[in-house]
Amino acid sequence: MTELWDGLLACMKLDGPTADGDFEGKNLELEYHRLFGGQLLAQFIRAAELTCPDKAVKSLHVLFPREGTADEPVRYEVQRHHEGRTFGSLTVLARQEARGVIGTASVSVHSVPEPGGVAVQTADPVSGVPGDSAAVDIGMLPFETRTGVDLDSPEEAPAEFSLWWRTPAADPALAPALAAYATDLTLIGTALRAVDGVSQRDAQVKFASAVTSHTVWFHQPFRTDDWLLLRQESPILARDRSFGRGDILTADGTLVASYAQEAMVRFR
C-alpha cells in the first residue's frame with residue numbers, strides 16, 4: 001500500500017511546462033497495462049493548476065475516447081481559452097505517441113478566496129465515521145477506507161454506496177487531484193449492486209466495462225488527510241451504459257465536491 005501511495009504522489013509531480021506549455025506525467029505501476037482513469041483525472045487537475053497557479057480548479061469535465069498504456073508517459077497539452085481576474089477556462093489533451101489522444105478535459109478555474117456572497121447548504125447530514133471494524137481494502141485506493149457495504153457481493157441491493165477515506169499526511173494543494181482520483185473507482189460497482197448475481201468482481205468475465213466520461217465539481221477547500229465521505233448512487237443502468245453520481249463531504253457534513261460518471265457496461 002505504501003508503494004502505491006508513493007507512486008501516486010510521484011504521478012502528481014508533472015514535468016514541465018515545455019516551451020509550448022505542455023506537461024508530462026508518470027504512470028502508476030499496476031498489474032495490468034491499461035492506465036487507470038483516476039490517474040488521468042488527477043493529472044488533468046495538476047496540469048490546470050500549474051498553468052493557472054493563482055486560481056483553483058472549479059470543475060473538470062473529461063472524456064476518455066480510448067484507453068492508454070502504462071508503458072509510455074502521458075503528455076498533457078494545455079490550451080488557455082480565457083483567464084480573467086476571477087474565472088478562467090482551459091482545454092487539456094492527454095496524448096501518447098502509441099495511442100494518440102486518450103483523454104480530453106475542459107477545466108474551469110476560479111480565484112480563491114473570492115469574498116462576499118451567500119453560503120447555503122442543503123445536503124443530507126452525515127453519520128459519524130465508523131470504527132476500525134469497518135476498515136476495508138479498496139484495491140487501488142492507498143488510503144484508510146471504511147464502509148459497511150460489500151461491493152463484491154453478488155446479492156441484489158440498492159445501487160448506493162458510502163465510503164469513508166483518509167490519506168496519509170498530504171500537501172493540501174494536492175487535495176483536488178487526490179479527491180478526483182478517489183471518485184473514479186467505485187461508481188460502476190455501485191451501479192451493479194442493482195443487478196442480482198453480478199458484482200464488480202465479475203469484470204471481464206460476466207461483463208466488460210470502461211469509463212467514457214467523468215466530471216468533478218469543487219465547492220469548498222478541504223484536506224484529504226482528514227476523514228472524507230464518498231456518498232454516491234447510480235439511478236440507472238441501461239443500453240450498455242451505467243450512470244452514477246456522488247458527493248464528497250467532510251466529517252462535520254460540509255459538502256466540498258460533487259461528481260458524476262458515465263461508463264460502458266456491456267454484459268457478455
Side-chain angles (χ1 to χ4, degrees), residues 37-46 48-49 55-64 86-90 92 103-114 117-127 129 138 141 143 145 147 149 151 158-167 172-191 193 211-237 241-263:
Q39 172 197 311
L40 297 180
L41 295 175
Q43 290 178 331
F44 275 129
I45 288 177
R46 292 297 295 145
E49 291 172 336
K55 293 181 173 64
V57 171
K58 179 176 72 70
S59 63
L60 173 76
H61 313 272
V62 177
L63 298 177
F64 297 106
T86 55
F87 289 97
S89 59
L90 313 167
V92 187
T104 68
S106 296
V107 188
S108 178
V109 295
H110 184 205
S111 295
V112 175
E114 183 171 347
V118 176
V120 178
Q121 178 180 312
T122 60
D124 292 338
V126 302
S127 56
V129 180
I138 308 289
L141 298 185
F143 320 138
T145 48
T147 183
V149 173
L151 280 185
E160 301 171 351
F161 182 60
S162 292
L163 178 74
W164 286 97
W165 61 286
R166 178 174 63 179
T167 69
L174 298 179
L178 290 169
Y181 176 92
T183 64
D184 188 51
L185 191 61
T186 54
L187 279 166
I188 294 175
T190 300
R193 295 197 74 210
V211 174
T212 55
S213 63
H214 196 102
T215 296
V216 188
W217 298 267
F218 296 100
H219 313 307
Q220 303 273 16
F222 60 96
R223 298 183 63 99
T224 61
D225 47 14
D226 292 329
W227 282 108
L228 295 167
L229 173 65
L230 294 182
R231 187 167 64 190
Q232 60 196 36
E233 62 170 351
S234 174
I236 188 168
L237 172 65
R241 301 195 305 269
S242 67
F243 174 74
R245 58 195 176 202
D247 293 322
I248 303 179
L249 303 104
T250 63
D252 67 3
T254 301
L255 178 62
V256 296
S258 301
Y259 54 99
Q261 181 188 92
E262 185 183 65

Gap separating the [atom1] atom of [X] from the [atom2] atom of [Y], nearest 0.5 angstrom:
{"X": "Asp184", "Y": "Tyr259", "atom1": "CG", "atom2": "OH", "result": "10.5 Å"}
{"X": "Trp164", "Y": "Leu229", "atom1": "CH2", "atom2": "CG", "result": "4.5 Å"}
{"X": "Arg223", "Y": "Leu228", "atom1": "CZ", "atom2": "CG", "result": "11.0 Å"}
{"X": "Ser108", "Y": "Leu90", "atom1": "OG", "atom2": "CG", "result": "8.5 Å"}
{"X": "Arg46", "Y": "Gln43", "atom1": "CZ", "atom2": "CD", "result": "10.0 Å"}
{"X": "Trp217", "Y": "His61", "atom1": "CH2", "atom2": "NE2", "result": "6.5 Å"}

Full working for side-chain contact (heavy atoms from CB on, under 4.5 Å) between Val216 and Phe44: CA-CA 12 Å; Val216 188; Phe44 275 129; over 6 Å; no
Evaluation steps, side-chain contact (heavy atoms from CB on, under 4.5 Å), between Trp165 and Thr224: CA-CA 8 Å; Trp165 61 286; Thr224 61; 3.9 Å; yes
Can you find a heavy atom in the side chain of [X] that is under 4.5 Å from one in the side chain of [Y]?
{"X": "Tyr181", "Y": "Leu141", "result": "yes"}
{"X": "Phe243", "Y": "Pro235", "result": "yes"}
{"X": "Val92", "Y": "Val107", "result": "yes"}
{"X": "Asp226", "Y": "Arg166", "result": "no"}
{"X": "Val109", "Y": "Phe87", "result": "no"}
{"X": "Arg231", "Y": "Phe161", "result": "no"}
{"X": "Val256", "Y": "Leu249", "result": "no"}

Backbone N/O of Pro158 and side chain of Arg193: donor-acceptor pair under 3.5 Å: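 Present.
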Candidate pair Leu230 and Thr183, rule side-chain contact (heavy atoms from CB on, under 4.5 Å), full reasoning: CA-CA 8 Å; Leu230 294 182; Thr183 64; 4.2 Å; yes
Nearest heavy atoms of Ser258 and His219, plus distance in Å: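 For Ser258 and His219, the tightest heavy-atom pair comes out as OG-NE2, 2.9 Å.
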Closest contact, heavy atoms only, Ser234 versus Thr190: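 Taking Ser234 first and Thr190 second, the nearest heavy atoms are N-CG2, 4.1 Å.
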ring-ring contact (aromatic ring centres under 6.0 Å, His included) against Trp227, all qualifying residues, sequence neighbours excluded: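 By the ring-ring contact (aromatic ring centres under 6.0 Å, His included) rule, Trp227 matches no residue at all.
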Short side-chain donor-acceptor distance under 3.5 Å, [Y] and [X]:
{"X": "Glu262", "Y": "Ser242", "result": "no"}
{"X": "Asp225", "Y": "Thr167", "result": "no"}
{"X": "Thr86", "Y": "His110", "result": "no"}

Residues Gln121, Thr254; criterion side-chain contact (heavy atoms from CB on, under 4.5 Å); working and verdict: CA-CA 8 Å; Gln121 178 180 312; Thr254 301; 4.2 Å; yes
Short N-O contact, Arg245 and Glu233, less than 4.0 angstrom: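 Here Arg245 pairs with Glu233 in a salt bridge, since their nearest N and O are under 4.0 Å apart.
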